[in-house]
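Below is one structure, written out as structure tokens; comments come after it.
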2 protein chains.
Amino acid sequence: MAGHVTYREVKATILDRIKGGAWPPGALLPSEVELAAEFGTARATVSRAMRDLVEDGLVERKRKAGTRVRKMPLRQARLDIPLVRVEVEDQGAVYRYALVASHVGAAPDWLRARMGLPGGGEVRHILCMHFADGQPYQFEDRWISLDSAPDARAADFTAEGPNEWLVRQVPYSNVEISFSATAADAEQAQHLGCALGDALFRVERQTSWDGRELTFVRLTYHRGYRMTARY
Amino acid sequence: MAGHVTYREVKATILDRIKGGAWPPGALLPSEVELAAEFGTARATVSRAMRDLVEDGLVERKRKAGTRVRKMPLRQARLDIPLVRVEVEDQGAVYRYALVASHVGAAPDWLRARMGLPGGGEVRHILCMHFADGQPYQFEDRWISLDSAPDARAADFTAEGPNEWLVRQVPYSNVEISFSATAADAEQAQHLGCALGDALFRVERQTSWDGRELTFVRLTYHRGYRMTARY
DNA sequence: TAGTGGTCTAGACCACATT
DNA sequence: ATGTGGTCTAGACCACTAA
């Protein structure tokens, strides 16, 4: 007796039919029972293949209505958000971290508004640099709420960046991330070794945990930085 | 008899234990058989929950070695890549498209190198604009290989952008996408209504199908544009 | 070699949305 | 009312890999 038909094979076959035009955009696919009979598998196997296709954004399923090929295939890129250190080391470069400045004080108004902090809250403000093979890679401008993370007051960020420290303290948090372009100000230009006004790639990230706002960070990358993905 | 324990409940319970610190980063979880016994479910149900947790980047599994909580939870953002028109309309704004220029000619050297086109290939070059409520939203600078997509030679891009046309012609393609910052050149500044040298957010996308390079596009967004995601 | 996850089966019941 | 997908079960065999 030959081996079973795998869900991967089923998926591949269906994929070929969709990409080949046998089932064009908008078309209704046969039901799981029919496909299972055609492929000679259990219905669960077809179901497993279909779940993958839904996740890949190629197909839409509704009870009773059946499975249809998406008219516009849903395109989504998965973007890995690694630690800077890992990102640099993955490029085969030597990573170096340096603390620029750090101090504790009252949260400025714009930050309280942005993070939704209550009045009178204290924050720790940290500026630091990440280098790749000695070249400026990323300038980090971070604010940590001391109400939410009191341990950050005394933490030592001279040898290790605040990001790695935070990930260890609070491994599971909710993040809102945004990407934009910004013109280098004097401080950024100095640290990143570029001209005033140069166009720089910027990431802003706000992290919360258990409904409490933890930290807001603005990461500015060296001139010419690109973030790349495939899908 | 009460209903079955669902895989969602199993997943939620495991998630709570991980986030609550009962199973700290690096810890070895009980085997599927043990968990199934504890929860009173079939092993397949635990397996289903675990597969979700792997996908969420919280857990790593290896045969024989078992399931471990990831030391550094894998963070990845899912970025939807919609059509500009849809992106604009989802913001409740009125979308307008305008063709700026279009012509057919030999592919310039930099483009042939970038796309990996053979020598002597012809391309169609299209410049166009996308507006939201009358305001400049995105400037599109696109090259389409006429070797790979001969129908693009005669296609009419006065009423509809080349992106929507391409998605209809070739719904299933492979894409490499990159994000960066750029300083506005004269043409971009004029079309986007900003100053020369302004920092602009830029997306570059290269699309292939069946191993053939189809199109390369450079999308430059209006000043202040942000791309946002949560994870 | 033994223990773990990965997958398939055959059957069942349920939830949901269309009719 | 009915047909579809969504899920669970109990059991089985397999693939991988750590010990």
Side-chain angles (χ1 to χ4, degrees), chain A residues 1-18 22-71 73-74, chain B residues 1-18 22-71 73-74:
Chain A
M1 187 181 310
H4 294 145
V5 175
T6 70
Y7 83 90
R8 292 168 192 278
E9 292 170 318
V10 173
K11 180 185 173 184
T13 303
I14 296 175
L15 209 73
D16 285 347
R17 292 188 189 169
I18 292 177
W23 292 328
L28 180 66
L29 271 59
S31 73
E32 289 192 351
V33 176
E34 292 171 304
L35 288 171
E38 180 195 337
F39 294 125
T41 70
R43 182 166 76 97
T45 303
V46 175
S47 188
R48 179 79 170 78
M50 285 297 191
R51 205 178 325 126
D52 265 29
L53 291 169
V54 170
E55 219 170 50
D56 293 351
L58 287 167
V59 127
E60 273 174 327
R61 319 193 78 190
K62 264 189 290 197
R63 282 164 156 124
K64 170 75 179 178
T67 302
R68 287 182 179 281
V69 181
R70 287 189 74 106
K71 301 224 170 131
L74 179 61
Chain B
M1 187 181 308
H4 294 146
V5 175
T6 69
Y7 82 90
R8 291 168 193 277
E9 292 170 318
V10 172
K11 181 185 172 185
T13 303
I14 297 174
L15 210 74
D16 285 347
R17 291 189 189 170
I18 292 177
W23 291 327
L28 181 65
L29 270 60
S31 74
E32 290 192 350
V33 176
E34 293 171 305
L35 288 171
E38 180 194 337
F39 294 126
T41 71
R43 182 164 78 95
T45 303
V46 176
S47 188
R48 179 79 169 78
M50 286 296 192
R51 203 177 329 123
D52 265 28
L53 290 169
V54 169
E55 220 170 51
D56 293 351
L58 287 167
V59 128
E60 272 174 328
R61 319 192 76 190
K62 263 190 291 196
R63 283 164 158 128
K64 169 74 180 179
T67 303
R68 288 182 179 281
V69 181
R70 287 189 72 106
K71 301 224 171 130
L74 180 60

Starting at atom OH of B:Tyr7, determine the distance to atom C1' of C:dA15, rounded to an integer number of angstrom. 14 Å
Using only heavy-atom distances, decide whether a donor-acceptor pair under 3.5 angstrom links the side-chain of A:Arg43 to the base of D:dG6. yes
Separation of D:dG5 atom C1' from A:Leu29 atom CG, nearest Å, is 13 Å
Whole angstrom value for the distance that separates P of D:dG3 from CG of A:Leu35: 18 Å
Which nucleotide, C:dA10, C:dG5, D:dT7, lies nearest any side-chain atom of A:Ala42? C:dA10
Please state whether the base of D:dT2 and the side chain of A:Lys64 form at least one donor-acceptor pair under 3.5 Å? yes
Rounded to the Å, how far apart are B:Arg63 CZ and C:dG3 C1'? 12 Å
Look at B:Glu38 together with B:Arg17 and state whether they make a salt bridge at an N to O cut-off of under 4.0 Å. yes
Nearest-Å distance, CE (A:Met50) to C1' (C:dC8)? 17 Å
Would you call A:Arg68 and A:Glu60 a salt bridge, taking side-chain N to carboxylate O under 4.0 Å as the test? no
Using a 4.0 Å heavy-atom cut-off across all strands, classify A:Val33 as base, sugar-phosphate, or nothing. nothing
Quick one: which of C:dT18, C:dG5, C:dT7 gets closest to the side chain of A:Arg48? C:dT7
Does C:dG5 have OP1 or OP2 under 4.0 Å away from a side-chain N or O of B:Thr67? yes
Between B:Gly66 and A:Gly40, just flag the one whose closest nucleotide in DNA chain C comes earlier from the 5' side. B:Gly66
Atom-to-atom span, CD of A:Glu60 to C1' of D:dG5 - whole angstrom: 14 Å
Counting any heavy atom closer than 4.0 Å, what does A:Ser47 reach on the DNA or RNA strands: base, sugar-phosphate only, or nothing? base
Under-4.0 Å side-chain N/O to phosphate OP1/OP2 contact, A:Arg8 with C:dT7: yes
Test B:Leu58 against every option in B:Leu15, B:Val69, B:Ile14 by the side chain to side chain contact (heavy atoms under 4.5 Å, CB included) rule and name the one that passes. B:Leu15
Please check: side-chain N/O of A:Arg61 versus main-chain N/O of A:Thr67, any donor-acceptor pairing under 3.5 Å? no
Rounding to 0.5 Å, atoms CZ (B:Arg8) and CG (B:Asp52) come to a distance of 8.0 Å
Just the rounded figure in Å: distance from P of D:dG5 to CD of A:Glu55. 18 Å
When the distance from CZ of A:Arg61 to C1' of C:dC16 is rounded to whole Å, what number comes out? 14 Å
